[in-house]
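For clarity, every value in this text was computed on a predicted model and none was experimentally measured.
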Amino acid sequence: IPSLPPWGRISQIATSPFAAGTAYIAVDLHEMGNNHPYVFRTDDFGATWKNITANLPRNAPAHVVREDPNRRGLLVVGTDTGLFYSVSRGPWQPIHCGFPITPVYDLKFVKSTHDLVVGTHGRGIFVLDDIAPLEQVGANPPVGLTLFAPLAAVRWARFNRHGFQLTSFTAPNPSEGAAIDYYIRGRNVEHHNPVGGAQQVTITITDASGHPVRTLKGPGQPGYHRIHWDLRYDPPVPVYGAGETSGLGYDTPRGPMVVPGKYHVRLAAEGKSQSVTLQVEADPRTHASDGDFQAQEKAALEARELVSSVDREVNRIDALRQQLDTLEYILLTHEKNTTYQMLFELASQLNHKLDQVEEPIYDRSAVNDSKAYLHSLSR
């Protein structure tokens, strides 16, 4: 290799998953006092080599280079200062996304799940989950609003044989559900509107028949963004003012799980929109039939509507109670005037009746109590 100084150590050799005669090498010369990176490609079984180091940082030796098996020409290089990628075999762009400045000694693409496993020196192993958006972009950033095609999402059954969720892992697991990735180019779309608050990107999910399933909000700043849909319907109507223990449950209530099948994802911002199709698959370890999933979904949606109906009544009771409290406060300012005494007593009696109606189904005194579930066992 004419452009390679002598006594370089070949750190890694990676063959191309697309062409038998193509391979890549990373050469380390830091032991010779040379901290420059050296990355080369051959397309003729090593007879000739092309220097593809291009614009990699000049003070960070390269240790590994590999080609993505899902996207021809997409290369990732690990250097002494982190990760760099190229969709056209150079020039290179850094991969940040919270990845630290640390030496990267090895890389492994997981073709089936589109993940990138990164082996570092001193910082352990990192997994970049679902790099499909990186595989879908070209040499230049997308133009305008772009919604990337999502990978199929698996409706995992995350319970062991004792009925508890599996939580024995030390490292964090990937977020559950489907990853929805989009790109915004240009100015911030989170501008303040006349009503107040910030306008966000809206993601609407519908089933194959067009029926609404879930509405999500995402950030509107320029750049790449990822949000996760947990494969659930919209949650039941909340009890207002209940904090994290809204609804009849003791955690923030969630909607029912969707059945496996095809769904549509629509991204909307500033009058523009894009849509893609998302496939939800069943856990391959389960043996439930389509009818089983549909029956479960039907029962869960009915339960959601029951919870919503009760929560609406609780909210109505609360609104009426606030009016009565205000009325009682006003009447108390006229306590010397017996004209309002009967009205005050009637308001107090109605307030007491409202307590009797609400208390068996929703105990507001236990809302902020960590042991609230104990107080409501009898119900």
Side-chain angles (χ1 to χ4, degrees), residues 52 54-57 67-68 70-79 81-101 109 113-116 118 126-153 174-175 177-206 212-230 263-279:
I52 59 173
N55 61 326
L56 287 174
E67 186 174 13
D68 188 335
N70 290 305
R71 166 70 186 273
R72 186 167 190 165
L74 174 56
L75 303 179
V76 177
V77 166
T79 74
T81 58
L83 290 171
F84 297 83
Y85 79 97
S86 172
V87 296
S88 56
R89 299 174 174 177
W92 305 91
Q93 299 182 59
I95 296 177
H96 295 304
C97 303
F99 189 81
I101 298 176
F109 288 97
T113 55
H114 296 253
D115 299 334
L116 175 61
V118 183
F126 289 77
V127 180
L128 279 61
D129 299 302
D130 183 4
I131 63 169
L134 197 63
E135 297 168 346
Q136 295 175 32
V137 298
N140 299 312
V143 177
L145 187 68
T146 301
L147 177 61
F148 294 100
L151 300 180
S175 298
I180 300 173
D181 297 278
Y182 60 94
Y183 175 81
I184 296 176
R185 184 172 186 176
R187 64 190 181 90
N188 195 333
V189 301
E190 285 190 328
H191 61 274
H192 288 278
N193 54 54
V195 181
Q199 178 177 335
Q200 295 177 305
V201 172
T202 301
I203 297 97
T204 305
I205 300 166
T206 57
V213 172
R214 190 72 178 272
T215 300
L216 303 169
K217 298 293 183 180
Q221 300 95 334
Y224 292 91
H225 299 282
R226 168 174 291 180
I227 66 169
H228 285 88
W229 173 40
D230 58 3
Y263 294 84
H264 301 286
V265 180
R266 180 176 180 270
L267 174 72
E270 287 198 323
K272 300 178 181 179
S273 66
Q274 287 192 4
S275 299
V276 293
T277 299
L278 169 65
Q279 187 70 29

> Under the side chain to side chain contact (heavy atoms under 4.5 Å, CB included) criterion, do Ile180 and Ile205 qualify, and how do the steps go?
Replying inline: CA-CA 11 Å; Ile180 300 173; Ile205 300 166; 4.3 Å; yes

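- The backbone N or O of Glu67 lies less than 3.5 Å from no partner atom in the side chain of Arg72, so there is not a single donor-acceptor pair.
- For the atom pair CG of Leu83 and NE2 of His96, the computed distance is 10.5 Å after rounding to the nearest 0.5 Å.
- For the atom pair OG1 of Thr146 and CD of Gln274, the computed distance is 5.5 Å after rounding to the nearest 0.5 Å.
- Put simply, the side chain of Leu74 reaches to within 4.5 Å of the side chain of Tyr85, judged on heavy atoms.
- One distance of note links CG of Asp181 with CZ of Arg226; it measures 4.0 Å at 0.5 Å rounding.
- Formation of a donor-acceptor pair under 3.5 Å by the Gln93 side chain with backbone atoms of Phe84 is not found in this model.
- Under a 3.5 Å cut-off, the side chain of Arg71 and the backbone N or O of Glu135 do form a donor-acceptor pair.
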> Are Val118 and Val127 close enough, and set up right, to give a side chain to side chain contact (heavy atoms under 4.5 Å, CB included), and what steps lead you there?
Replying inline: CA-CA 6 Å; Val118 183; Val127 180; over 6 Å; no

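- Checked against the 6.0 Å centroid threshold, Phe99 and Phe126 count as a close aromatic pair.
- The side-chain heavy atoms of Tyr263 and Thr277, taken from C-beta on, include no pair separated by under 4.5 Å.
- The two residues Pro219 and Ile184 make their nearest non-hydrogen contact at O-CD1, 4.0 Å.
- Residues passing the side chain to side chain donor-acceptor pair (under 3.5 Å) test with Asp130, sequence neighbours excluded: none.
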>> Run Leu128 and Asp115 through side chain to side chain contact (heavy atoms under 4.5 Å, CB included) and show every step you take.
In response: CA-CA 6 Å; Leu128 279 61; Asp115 299 334; over 6 Å; no

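- Looking at Ile131 and Asp68, their side chains come closer than 4.5 Å, going by heavy atoms from C-beta outward.
- Between the Gln136 side chain and the Ala149 main chain, a donor and an acceptor come within less than 3.5 Å of each other.
- Taken from CG in Leu147 to OG in Ser275, the straight-line distance is 7.5 Å, to the nearest 0.5 Å.
- Side-chain atoms of Val276 and Pro150, non-hydrogen and from C-beta on, do get closer than 4.5 Å to each other.
- Taken to the nearest 0.5 Å, the CG atom of Asn55 stands 8.5 Å off from the OG atom of Ser86.
- No side-chain heavy atom of Leu75 sits less than 4.5 Å from a side-chain heavy atom of Ser88.
- The shortest side-chain heavy-atom distance between Trp229 and Leu278 falls under the 4.5 Å cut-off.
- Put simply, CG on Leu116 and CG on Asp129 are 10.0 Å apart, with the number rounded to the nearest 0.5 Å.
- In this structure the side chain of Pro133 never reaches within 4.5 angstrom of the side chain of Tyr182, judged on heavy atoms.
- Contact between Gly218 and Ile203 at its shortest, heavy atoms only, is N-CD1, 4.0 Å.
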> Can Asn70 and Phe109 be said to form a side chain to side chain contact (heavy atoms under 4.5 Å, CB included), step by step?
Replying inline: CA-CA 9 Å; Asn70 290 305; Phe109 288 97; over 6 Å; no

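- Between Pro142 and Tyr224 there is a side-chain heavy-atom pair separated by less than 4.5 Å.
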